[in-house]
Every structure is written in C-alpha cells, then in structure tokens.
Protein chains: 2
Amino acid sequence: MMKIGELAALAKVSRDTLRFYEKHGLITPGLRSEAGYRLYSETDVRRIGFIIGAKEVGFTLNEIHQLLELEVTKDEKSCHDIKHFVDAKITIVNQRLAEIKRIKKSLQTLSDACCGGDEPATHCTILEALSEQTN
Amino acid sequence: MMKIGELAALAKVSRDTLRFYEKHGLITPGLRSEAGYRLYSETDVRRIGFIIGAKEVGFTLNEIHQLLELEVTKDEKSCHDIKHFVDAKITIVNQRLAEIKRIKKSLQTLSDACCGGDEPATHCTILEALSEQTN
DNA sequence: TATAACCCTAGAGTGCAGTCTAAGGTCAAT
DNA sequence: ATTGACCTTAGACTGCACTCTAGGGTTATA
C-alpha cells in the first residue's frame with residue numbers, strides 16, 4: 001500500500017491528477033489510512049498505467065472510463081452489449097494503428113533522406129513522405 | 001480549387017476548425033478569390049488529412065506544427081537538427097505503437113472471452129486482459 | 001430581385017484535462 | 001517542540017482546441 005506521492009512519482013503524474021482521476025471515477029476511492037490519507041494497491045498502479053497508456057494513444061478520459069468499466073461476466077444480457085462496444089473500440093484502435101504506422105513510415109522516410117551518408121540529401125517533407133507510401 | 005465548405009465536408013471538420021488551423025499556422029493562408037474567399041488546393045487537402053490523422057493518434061497541434069515544418073534539404077547545418085528531432089519523434093511513435101497494440105490485444109481478449117459460443121463466458125476485465133499479456 | 005446558402009472578421013464562450021491556491025491536518029527528524 | 005515534507009478539501013484558474021455569435025458581404029437559384 002502506497003501513499004499518493006509515491007504512486008504519483010511511480011506513474012509520473014501529479015498528485016492532483018490522481019485526485020482528479022478519482023473524482024471523475026477513473027480510479028475508485030479505496031482504502032484510507034487512520035489520518036485520511038489515500039492508500040493505493042498494486043491494482044491501482046496497473047489501473048493508472050492503463051489510463052496513461054490509453055491517453056497517450058488518443059483516448060479521452062471518458063472513453064478510458066468506458067473501457068475500464070467493461071467487464072465480461074456470465075450475464076447474457078450485457079454480454080451482447082459488451083461485445084458490440086468492444087468490437088466498435090477495436091475498429092477505432094485498428095484505425096489508429098494504421099494511422100500511426102503511416103506517420104511512422106513518413107518519419108522514417110524523412111529520417112532516411114537525411115544525412116544518409118554522402119549521397120545528396122533529397123528535398124523531402126512529411127507530406128511528400130506520406131504521398132510516397134503506396135500501400 | 002475548392003472553397004472552405006467543400007474542404008470542411010471532405011475532411012469532416014468544421015469551417016471554423018479550418019480557419020482556426022490557418023490562424024495557428026497549420027495551413028498556410030493561400031489563394032483567395034476575388035471576393036476574399038479562401039481557395040484550397042490538393043496539397044491543402046492532404047495537409048489537413050495529415051493533421052487529422054496525427055491528431056487522432058495523440059499528437060497535439062503544436063507537435064503537428066513541428067512535424068509539418070520538418071523539411072530535409074541539402075542545408076548541412078539544419079540536417080543534423082532535423083535528424084535529431086525526427087528520430088526523437090520516431091521513438092515516441094514507437095511507444096505509441098506498442099501501447100496501442102497492448103490496448104488492442106486486451107480488447108481482443110475481452111471480445112474473445114465474450115459470447116464465444118457455448119463455453120462459459122469467463123469473468124474478464126480490461127485490466128485482467130492486460131495482465132495476461134506476457135509479451 | 002429577393003431568398004437561401006454560402007463566405008468574411010473579430011472576439012466571446014465552451015469543454016476537457018488538469019493545475020494551483022488557501023487553509024488546514026499528520027508525521028518524522030532535529 | 002518546531003521545522004519540513006507530506007497529506008486533506010473546496011474551489012479558482014489555466015491552456016488547448018475548438019465552437020459560436022454578431023454583423024456583414026457574395027453567389028446561385030426561383
């Protein structure tokens with residue numbers, strides 16, 4: 001069990017951010033010490049790791065909230081809804097994957113065109129690098 | 001050459017967004033019609049396509065601005081700086097790529113655990129799905 | 001020729017995601 | 001016992017990326 005400052009340092013976010021996430025339901029208010037200090041578990045650490053990762057790839061806190069609330073159980077009723085929601089998210093994720101691969105390739109083209117040795121550096125911009133990608 | 005409304009419809013953004021991007025230097029103010037209407041070229045279309053794609057995968061407008069300004073020329077002096085900047089960006093892009101793959105896998109695990117047929121739907125959350133990923 | 005559907009500007013307003021401030025309580029070390 | 005580093009709350013403030021409003025001009029169609 002760690003205090004907010006420790007978790008903040010570990011996750012490289014501010015204490016305020018962690019309280020903000022709690023206030024907005026991304027991390028459930030858990031244990032408190034005698035003095036009222038928040039105490040975080042290993043699960044909380046993984047949870048905020050997920051939040052940060054998801055944020056980095058362009059999910060909003062709202063979307064992350066929905067992702068974290070997803071839970072497959074034996075409840076037949078909700079199972080269909082979950083499947084639907086998850087598959088919709090997978091589609092979005094696949095689009096992002098494709099987009100980021102495009103960007104990576106164009107950055108790579110740019111990097112390769114640059115100082116590659118003695119051959120003359122060709123004139124090249126991101127947009128030109130992007131256009132060259134025929135796939 | 002198309003007017004702002006056409007480009008907005010094509011790129012699925014608002015006219016205001018396009019004017020906003022211009023004001024912030026993401027698209028250079030180009031040709032104007034006799035009446036002062038903005039006129040956009042094919043290059044502008046590709047440009048805003050790039051902006052939108054980059055935004056979707058989590059780049060800020062500021063970062064996108066920097067990416068768009070990158071240009072490899074024969075100027076030896078700036079070449080080193082460009083290489084450095086681009087390679088730093090590639091590192092970030094690679095991290096995002098890894099992160100989005102992680103998220104995709106966990107969503108897939110979640111989807112697979114759900115309504116897979118007659119086998120009992122195992123209890124599964126995003127965090128558990130993430131933990132299962134040993135790679 | 002007038003009506004709708006477009007375009008312009010400057011500037012105000014909005015929602016998201018924090019970030020900071022004030023005023024105070026707790027804990028470990030000198 | 002007091003100093004400093006930590007923790008608490010509520011609420012104000014900030015920066016980003018739009019989004020809207022007001023007040024006006026233009027262009028195509030009935």
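The basis for the numbers below is simple: all heavy atoms, side chains too, and nothing from hydrogens, waters or symmetry mates. The chains referred to below are lettered A, B, ... by the order of the sequence lines, with proteins before strands, and numbering in each begins at 1.
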Give a yes/no on whether any side-chain N or O of [X] is located under 4.0 angstrom from OP1 or OP2 of [N].
X: Lys55(A); N: dG18(C); answer: yes
X: Thr17(A); N: dT19(C); answer: yes
X: Arg19(B); N: dC20(D); answer: no

Tell me: [atom1] of [X] to [atom2] of [N], nearest whole Å?
X: Leu61(A); N: dG15(C); atom1: CG; atom2: C1'; answer: 12 Å
X: Tyr40(A); N: dC7(D); atom1: OH; atom2: C1'; answer: 11 Å
X: Arg15(B); N: dA5(C); atom1: CZ; atom2: P; answer: 12 Å
X: Leu18(A); N: dC20(C); atom1: CG; atom2: P; answer: 14 Å
X: Asp16(B); N: dT14(C); atom1: CG; atom2: C1'; answer: 13 Å
X: Arg38(B); N: dT26(D); atom1: CZ; atom2: C1'; answer: 15 Å
X: Ile48(A); N: dA17(C); atom1: CD1; atom2: C1'; answer: 15 Å
X: Ile4(B); N: dT9(C); atom1: CD1; atom2: C1'; answer: 12 Å

Quick one: the side chain of Tyr21(A) and the base of dG18(C), do they pair up donor-acceptor inside 3.5 Å?
no

Which part of the nucleic acid, if any, lies within reach of Thr60(A) when heavy atoms closer than 4.0 Å are counted: base, sugar-phosphate only, or nothing?
sugar-phosphate

Between dC27(C), dT19(C), dA17(D), which nucleotide gets closest to the side-chain atoms of Ser14(A)?
dT19(C)

Just how far is it from atom CD of Glu63(B) to atom CD1 of Ile92(B), taken to the nearest 0.5 Å?
6.0 Å

Residues Ser41(B) and Asp44(B): side-chain donor-acceptor under 3.5 angstrom:
yes

Can a donor-acceptor pair be found between the side chains of Ser14(B) and Thr17(B) at a distance below 3.5 Å?
yes

SB check Glu128(B) Arg47(A) (cutoff 4.0 Å):
no

So that I can tick it off, tell me whether Arg102(B) and Glu99(B) are bridged by a salt bridge, with the cut-off set at under 4.0 angstrom between side-chain N and carboxylate O.
yes

Reading DNA chain C from 5' onward, which residue's closest nucleotide shows up sooner: Lys23(B) or Lys3(A)?
Lys23(B)

